[in-house]
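All chains are named by letter (A, B, ...) in the order of the sequence lines, taking the proteins before the strands, and each is independently numbered beginning at 1.
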Amino acid sequence: MSTLLEVSGVSVTFDGFRAINNLSIQIAEPELRAVIGPNGAGKTTFMDIVTGKTKPDEGRVVFGDRGDSLLGMSESQIAQAGIGRKFQKPTVFEAQTVRENIAMALKNKRGPFDVLLRRKTENREDRIRGISDEIGLTDALDQQSGSLSHGQKQWLEIGMLLAQDPRLLLVDEPAAGMTPAEREHTTDLLVRAAKTRAVVVVEHDMEFVRRLNCKVTVLHEGSVLAEGSLDHVTKNKDVVDVYLGR
Amino acid sequence: MLRLLLACLSLCMVLVFGQPAQAQTLQDVLQNNVEAVAKPSRRTVDDVIAALVASSATGIPDFLEGWREKEIWQRDADGVFFRAVEDGDGLILTDLDTAEVTTVADDDGFTQSKPNAGVRRVISSALVQFLLSDPDITRRQSALDAIGRDPSGDQLAPLRASLEGEPDADILARKQQLERQLTAQFDEDPAARIAAINDLSGDVSVEVRGVISQVLATRQFVAVDVPEGTNLARILEVGEDLSADDAYQQLVEADLAPATVSLDDVVATLTAQISDGQVAGVDVSTLDTDAARIAAYETLVASGDAPAIVLPDERAAALSAHTFYLAYTEDNADITAAAEEAQSAIAGYLGAGQTIDLTMDALSLASIYFLAAIGLAITFGVMGVINMAHGEFIMMGAYTGYVVQQVVPNYTLSIIIALPVAFAVTFAAGVAMERLVIRHLYHRPLETLLATFGIAIVLQQLAKNIFGTQARPLTSPDWLAGAWVVNDVIQISYIRIAIFVLALLFLGLILFILKRTRLGLEVRAVTQNPGMAASMGINPDRINMLTFGLGSGIAGIAGVAIGLYAKVTSEMGADYIVQSFMTVVVGGVGNVWGTLAGASLIGFTQKGIEFFNPSNTLAAQTYMILFVILFIQFRPKGIVALKGRAAGD
Amino acid sequence: MKNTFIARNPSVLWFLAGLAIFTILVTVMSEATGLGLISTSFLKTLGKTLCLCLVAIAMDVVWGYCGILSLGHFAFFGIGGYAIGMWLMYARTEGIVLTSLEANALPPTVTEITDAVGGQIFGVVGSSEFPMIWAFSHSLPLQLLAVVLVPGLLALVFGWLAFRSRVTGVYLSILTQAMTLALSLYFFQNDTGLRGNNGLSGLQNIPGLEDQSQAVVSLWFFWASAIALALGYVLFAYVVSGKFGSVIRAIRDNEARVRFLGYHVEHYKLFVFTLTAMVAGVAGALYYPQAGIINPAEIAPIASIYLAVWVAIGGRGRLYGAVIGAALVSLLSSWFTGGSAPDINLGFYVIKWTDWWLVLLGLSFVLVTLFFPKGIGGIFDALAKKTPPDREGDFGPDKGAWRNEEGEPS
């Protein structure tokens with residue numbers, strides 16, 4: 001297990017409001033990590049920083065074996081470096097079919113000329129099929145993704161994430177709006193994915209986190225409050241205070 | 001001369017202090033000096049004029065004018081003088097006292113009085129003196145105007161003489177002004193000239209600048225060495241100050257070098273000597289390069305059939321052997337030095353004046369852009385809607401002003417009526433457009449842009465159908481017609497000042513509405529978070545409608561203001577729409593101060609660019625737009641950008 | 001590969017077949033081949049319309065597929081026209097000048113010819129010097145290159161600046177409009193060296209083809225326009241199909257999400273913007289020799305907005321929609337404004353279409369935007385009984401994204 005992502009001493013201020021305050025987190029590869037915390041704890045902003053959407057005021061974010069800094073890179077460069085992200089609200093391309101959505105996400109060269117001229121990549125159809133099997137959407141491959149149900153869209157997005165074949169997956173509330181059976185399926189998917197890569201799950205739902213059975217980081221007011229197994233952190237007095245209120 | 005001045009003085013006394021004792025007719029006075037009038041000379045003319053002055057007869061200026069123009073004829077029979085113009089062989093005679101006109105068929109029996117140039121000069125200055133002291137103020141004024149138009153040394157003495165006793169303060173001031181200018185140019189005493197030049201050095205008027213540059217007039221000379229005693233302005237460098245071709249041409253004209261043979265000469269000579277398709281032994285058809293032509297020409301030179309071409313190094317040697325220089329036409333170096341000093345002082349004042357003038361210009365342009373853009377900024381900021389018909393609302397406002405002027409003839413009253421009417425008309429149009437079209441397109445901003453463009457086409461064409469294609473005047477009242485003239489450099493028309501004031505008023509009004517009224521609070525709430533605003537009981541539909549109406553209404557008022565100084569045409573909106581967009585984009589969306597900053601930046605930048613390239617306003621606009629495109633690179637959200645979550649990231 | 005491309009895009013075949021039939025019909029009926037049912041001037045109008053269709057599909061790709069409402073593509077069209085116009089004008093004037101110089105005793109030198117040509121061309125703006133911008137005007141191949149390269153380079157530089165700073169939506173539209181205005185103002189200046197507001201004229205006389213009648217030359221240009229449209233259609237159909245098309249439509253609907261998939265959105269936009277600008281340049285280079293004259297008014301922002309109007313009326317996001325829109329609106333427009341449309345007498349007022357056509361166009365445009373966002377192309381959907389999927393919201397959050405009312409794209 002080696003360190004894949006290292007966030008250290010990062011702070012962000014929005015109009016005087018300190019959203020992230022001297023945050024430091026390390027993620028190893030492979031690892032499954034859950035990040036929890038009350039509203040406004042900075043969970044989503046943490047993901048924004050790692051994926052390049054928000055630039056921090058200070059601090060360091062390094063990724064990969066060579067320890068490249070992510071701060072100077074654009075969103076697309078970070079994604080190409082191997083960080084995939086699933087948004088809280090499912091954002092698939094609704095006007096396009098499931099197949100097109102997955103094909104776009106498949107790990108291939110991303111340049112316009114590559115995409116335009118190299119139409120056939122090896123076993124593209126096989127890879128699409130493999131992923132659609134995994135997310136249970138093989139029958140819907142030629143459907144408009146806009147016509148999928150909410151849960152199906154969530155899966156499609158996870159499938160697109162898998163298609164990207166990233167080294168680090170950032171997953172924001174994957175289980176929102178799912179039936180219990182769907183949740184179980186999602187858990188399996190994430191646990192399986194975490195066997196070969198790093199997966200960070202942001203979740204509110206403690207039951208879901210418990211089922212993931214992994215190391216948990218608790219964020220509060222933009223910094224790490226506690227870290228360890230779920231049982232360990234739930235016994236932490238600070239965490240209890242934060243969740244139950246003082 | 002001294003006597004003349006005394007005479008003039010006494011004339012002034014007479015004019016001021018009352019009528020002379022006895023009335024003598026002009027003809028009587030002339031008859032008393034018959035010899036001197038019929039055969040005028042420098043010796044006698046002063047006496048005649050003195051006599052005329054002493055007589056205070058009427059018609060003296062006319063007589064002097066006629067005399068100067070050699071239009072005074074004497075009838076040989078009885079020696080009576082007439083003013084006369086030749087008419088074929090005959091004469092048209094005007095009686096000097098009664099102005100009675102008679103015609104004679106033959107000028108036999110009449111003798112023309114022919115004053116020579118020296119005498120005519122004396123007559124002229126006496127004439128000027130008479131006019132300058134004329135009791136009629138308009139004649140004095142026009143005499144001064146004549147001097148201002150065409151100053152000369154002769155006018156100096158009479159002008160000075162007329163200073164004393166001038167009753168009108170304005171005319172006196174003008175006389176003193178002209179006296180300084182004439183002194184600077186023509187006084188015989190160098191010290192007086194220098195003093196006058198120093199007096200002028202703070203004045204930036206066109207006239208004074210003309211005087212100074214007149215003193216500093218130069219001529220270009222060429223010589224082997226600059227001769228002793230030349231009042232040298234500067235040495236000219238060949239290649240920098242004047243081209244080698246021009247310089248050599250001067251040498252040729254001054255017979256200091258042999259004439260060149262131009263390519264045209266070569267062609268002409270060769271053409272003249274063609275025979276049997278050949279010239280100088282070569283086929284004409286081969287002469288299709290300059291080199292071949294010159295080679296052929298050289299052959300002709302060698303055989304003595306053409307003058308030699310001056311070779312380049314001969315030219316260069318001739319040029320370097322001579323000095324080209326500018327010399328002042330004024331010989332006294334002290335005077336030119338004083339004038340140079342005055343000129344640079346004036347240039348300094350001029351620069352400052354131009355800067356102020358430019359700032360004023362930029363300010364009024366910025367006001368116009370502000371007025372044109374603020375309505376757009378409000379609708380864009382609050383509703384995220386681009387209204388491409390905004391320019392057409394400006395046009396509607398201007399046409400409303402025009403229509404009101406057709407009904408109410410009093411210009412002041414009609415403007416006062418037109419402003420609220422224009423607001424009402426465009427407010428209504430804006431509300432109608434919002435209700436009928438834009439409301440349905442809130443989530444489709446790009447299509448709003450195109451739909452409002454469709455409306456813009458319709459409005460423009462309708463205006464064309466109703467009012468025709470020619471420009472309609474929107475006349476401003478008289479009190480707005482002039483300009484506030486500080487000096488010859490700084491002039492601001494009152495309309496632009498009025499527009500500036502209007503812009504300030506609207507800035508205040510809009511700030512008041514947005515910050516101090518319930519409507520403003522609701523508008524700001526909807527701008528920042530429509531969903532939340534709706535849940536607090538604010539009806540976003542109503543707010544959107546009112547906001548759109550308000551933005552359009554202001555466009556209407558801007559239309560009246562713009563119409564006052566620009567032409568009202570159906571296409572006038574299109575001229576302002578892009579600038580308005582630029583203003584909004586540069587200033588930052590959704591902020592009144594941003595629009596103000598944007599309008600100022602664009603106004604000042606455009607005027608600044610125009611300053612460097614005044615002949616070409618098109619270029620100024622082009623560079624202006626390029627500037628905006630580059631500006632967006634550095635401040636994509638404009639000068640005053642909303643920050644944080646409200647920016648809608 | 002070709003097979004699968006056409007198999008997946010049967011509309012391309014239909015379109016090519018339709019265009020071929022149209023071309024043959026027009027050829028048979030033209031004056032050049034004898035039947036003379038179509039006058040040469042109408043033939044030119046048809047040829048010009050094909051060029052407009054070409055620039056319209058370019059506009060459709062950049063707006064309907066990639067979501068960039070460019071208000072500058074007609075400027076690229078105009079630049080293409082100017083580029084070819086410079087050669088046409090130079091070459092033709094040179095011919096005239098050579099003839100007149102033959103009267104001189106001595107054969108003309110190169111400078112004499114250049115000076116005389118310059119005097120002829122720039123006399124109207126009080127100059128006779130050749131500006132730098134005309135440096136390549138003597139060479140047809142170089143000017144043909146300029147037809148493609150100048151709009152391409154301009155689009156590349158402008159696009160790079162605009163996309164890099166992430167200007168999107170209406171901001172981008174306004175910025176492209178500003179670019180267009182700057183260009184047209186630049187062309188209006190006499191200093192630019194493109195004859196100011198006189199523009200370039202006499203472009204219908206093709207140097208080297210003086211022996212051919214206008215009827216024949218016009219037919220050739222008609223064919224060239226048809227071929228260019230066919231090639232352009234196939235090119236863009238290829239671009240917008242497959243994964244590339246998938247990516248640019250995704251950019252249209254949700255740019256940020258595409259970034260997180262690892263695509264450099266800016267590169268794609270720049271590619272599309274530049275490619276379409278180059279095609280627009282080609283269309284312009286074919287259009288203006290048929291029009292005979294080009295002046296800076298052609299480049300004015302309004303022309304580019306009309307281009308967007310055509311595409312919107314035809315139906316964006318489908319290439320044939322752009323063709324239908326451009327052809328229909330521009331032909332109707334020339335019918336109405338040409339005075340051929342009959343006046344309508346209302347008793348109290350006579351509607352002259354030359355005055356009222358723009359009112360009608362503007363109104364119908366507003367109505368189409370409000371009630372038929374899919375444009376004329378939407379009719380084909382209704383015929384094919386394609387119903388858009390049951391959906392909750394819009395297709396994406398971006399300003400250029402499809403909205404629910406616009407239904408399902410092709």
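Both the backbone and the side chain of A/Gln77 come within less than 4.5 Å of a heavy atom of chain C. Heavy atoms of A/Ser74 lying under 4.5 Å from chain C belong exclusively to its side chain. Only the side chain of C/Phe271 comes within contact range of chain A, with at least one heavy atom under 4.5 Å from a heavy atom of that chain. C/Val258 touches chain A through backbone and side chain together, each having a heavy atom under 4.5 Å away. Both the backbone and the side chain of A/Gln80 come within less than 4.5 Å of a heavy atom in chain C.
Smallest separation of non-hydrogen atoms from A/Met104 and C/Ala250: SD-CB, 3.6 Å. Considering every non-hydrogen atom in both A/Val115 and C/Tyr268, the closest pair reads CG2-OH, 2.9 Å.
In this structure, CG in C/Leu261 is found 6.0 Å from CZ in A/Arg110, a value given to the nearest 0.5 Å. Of the inter-residue distances, the one linking A/Leu116 atom CG with C/Ser241 atom OG reads 8.5 Å to the nearest 0.5 angstrom. Between the OG1 atom of A/Thr91 and the CG atom of C/Asp253 there is a distance of 12.0 Å, given to the nearest 0.5 Å.
Under a cut-off of 6.0 angstrom, the local environment of NZ in A/Lys55 is crowded, with over 12 non-hydrogen atoms contributed by other residues, nucleotides or ligands. More than 12 heavy atoms of other residues, nucleotides or ligands lie within 6.0 Å of CZ in A/Phe87, so this atom counts as buried by the packing criterion.
A/Glu75 places no side-chain N or O within 3.5 Å of a backbone atom of C/Arg259 that could act as its donor or acceptor partner. Under the 3.5 Å distance criterion, the side-chain polar atoms of C/Arg249 are left unmatched by any main-chain donor or acceptor of A/Phe93. Judged purely by atom type and a 3.5 angstrom limit, C/Tyr263 has no side-chain atom pairing as donor or acceptor with the backbone of A/Ala105.
Partners of A/Arg129 according to the side chain to side chain contact (heavy atoms under 4.5 Å, CB included) rule, which considers only residues two or more places apart in sequence or in another chain, are A/Glu125, A/Ser132, A/Asp133, A/Thr138, A/Leu141.
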Identify each donor-acceptor pair in which a side-chain atom of residues 146-160 of chain C lies under 3.5 Å from a protein atom, sequence neighbours left out, and give them as a table.
none

Before you tell me yes or no, could you show the steps for C/Lys243 and A/Glu100 under salt bridge (Lys or Arg N to Asp or Glu O under 4.0 Å), namely the whole-Å CA-CA distance, both residues' side-chain angles and the distance that decides it to 0.1 Å?
CA-CA 7 Å; C/Lys243 194 162 144 193; A/Glu100 282 170 324; over 6 Å; no

